[in-house]
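Letters go in sequence order (proteins before strands), and every chain restarts at 1. Side-chain atoms are counted along with the backbone in the values below, which use heavy atoms only and exclude waters and symmetry mates.
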2 protein chains.
Amino acid sequence: MNPPPNGPPDRRPGGRTARVRAQVLEAVRAELGEHGYEGLTMEGVAARAGVHRTTVYRRWQDVGGLLADVLDAAGEDDWAPPDTGSLRGDLTALNGEIHDSLVVRPSIPQALMAASFRSARAANAQQRLWEDRYQRCEAIVERAVERGELPPDTAARPLLIAATAPLYHQLVLLRTSSEPHLAAQAATTAALAPTAGAFARPAPDVEP
Amino acid sequence: MNPPPNGPPDRRPGGRTARVRAQVLEAVRAELGEHGYEGLTMEGVAARAGVHRTTVYRRWQDVGGLLADVLDAAGEDDWAPPDTGSLRGDLTALNGEIHDSLVVRPSIPQALMAASFRSARAANAQQRLWEDRYQRCEAIVERAVERGELPPDTAARPLLIAATAPLYHQLVLLRTSSEPHLAAQAATTAALAPTAGAFARPAPDVEP
DNA sequence: CCACTAGTGCGACAACTGTTGCTTTAAGAT
DNA sequence: ATCTTAAAGCAACAGTTGTCGCACTAGTGG
């Protein structure tokens, strides 16, 4: 566990301090899982972590601080986007992963997104995590370009967003019942669109 | 103003009761505007509405109840999707409206979406509002079909979602800085995709 | 091993949140 | 005009949340 990028740098990274942080972050995840976001309370986290209330308040200030720390910790993994050998396959697999992470109850990612509405610190952390994830996903587009599936001037980010946004939209915002073909549908649409000329990089603006 | 679909039916729809409801709902919108969602408190709403705390608690129970009522009231307007004469034009104009409503600070729609994460009642109301809006938007697709811009078996909902989801995704979840061409880009992509065969209705599943 | 001190535990406190019983007001019916 | 009663006002209350000063524990460096 590393020091949180938000708070002051840990001047005592060893033993108890690190242990307390680990306990608290684990408690946050557990509480999120059991009671969802609305049930996440400083008191509850402290109790579950076996730590005094004041300790949590002093180191993380509020619920947003806790979640920001959890979010930062989430970005420190070694996740890589799927590599199936085709653009459509990659996007479909990616959407499958997203789908699964969002429909599991309770869904930690959902809870974290909800949280980022309430706290500026959590929102910043969430934004860093999104950026990191989409950054890694650009590999999918690069591979597709190398394979000749996409023109070299394809803008990766809009394509990735077109592929994944419908899934988030339906599952997080609309909260419609999860249709199984949802992931494949959005991925296919995004994979097809470039053949019709979408996602060409802005380049010199041709239209007046 | 009509009785809220959630609470018990107003047994006394006249005079004071209706006036109190109007004052309170207006206060909710104003507070949302000034302090955002996190700053929305029962106390503050009651004070601004010139009404006693207990009144608000008794009729709406909690913040979620208040927002659910606001959401239901929002669906009682006569909004209609833009009609520009072309599919791409309609979708672009629609996205333009969405864009504007989301980048205005403070954004009431954003606040309401945030709220629907915390309260089941607000979530249900939000879901009803989404359904109503997308229902009305299907007219865009129907007109495009009549004009021959789209094949008759086009599934309206996935197309509309493909067109609008990227906008919500970027502005609500990713919170990236609002790029001006965002609305047009997503609309164009969605309008182009059907020419490559996307959005055909599920029909008999052709692939094994 | 000892000294220093960041970090934690503890208890008391004020502020805020939501509830309850009762009183008062006024809408709707006769 | 009068009566009935739903709905709003009021005040007191318990529970919760966040803060503060002080004591203590245990990393860290000599």
To the side chain of B/Arg58, which of C/dT8, D/dC10, C/dG9 is closest?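 My answer, after comparing the listed nucleotides, is D/dC10.
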Nearest to the side chain of B/Arg19, which nucleotide is it out of C/dG11, C/dA27, D/dA12?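 Out of C/dG11, C/dA27, D/dA12, the nucleotide with an atom closest to B/Arg19's side chain is C/dA27.
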Could you tell me the separation between the [atom1] atom of [X] and the [atom2] atom of [N], rounded to a whole number of Å?
X       : N      : atom1 : atom2 : answer
A/Tyr57 : C/dA15 : OH    : C1'   : 12 Å
A/Asp62 : C/dC16 : CG    : P     : 17 Å
B/Leu66 : C/dT17 : CG    : P     : 14 Å
A/Met42 : C/dT8  : CE    : P     : 13 Å
A/Glu43 : C/dG9  : CD    : C1'   : 14 Å
B/His52 : C/dT19 : NE2   : C1'   : 12 Å
A/Arg21 : C/dG7  : CZ    : P     : 13 Å
A/Trp60 : C/dG7  : CH2   : C1'   : 11 Å

Nearest heavy-atom neighbours spanning A/Cys137 and A/Pro81: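 For A/Cys137 and A/Pro81, the tightest heavy-atom pair comes out as CA-CG, 4.1 Å.
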Name the orientation class of the two ring planes belonging to B/Tyr168 and A/His169 (parallel below 30°, tilted from 30 to 60°, perpendicular beyond 60°).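 Judged by the thresholds at 30° and 60°, the geometry between B/Tyr168 and A/His169 is parallel.
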Measure the spacing between CZ of B/Arg133 and CD1 of B/Ile98 and express it to the nearest 0.5 Å.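 Atom-to-atom, B/Arg133:CZ and B/Ile98:CD1 are 10.5 Å apart.
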Under-3.5 Å donor-acceptor pair between A/Arg53 side chain and D/dG18 base: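 Between D/dG18 and A/Arg53, which were checked side chain against base, a qualifying N/O pair under 3.5 Å is present.
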Does A/Thr54 contact D/dC20 through a side-chain donor or acceptor facing the base, at a distance under 3.5 Å?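 Answer is no: no donor-acceptor pair is held.
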Between B/Ser107 and B/Val103, is there a donor-acceptor pair closer than 3.5 Å when you use the side chain of the first and the backbone of the second?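 No, the answer is negative, given that no donor and acceptor are paired below the 3.5 Å cut-off.
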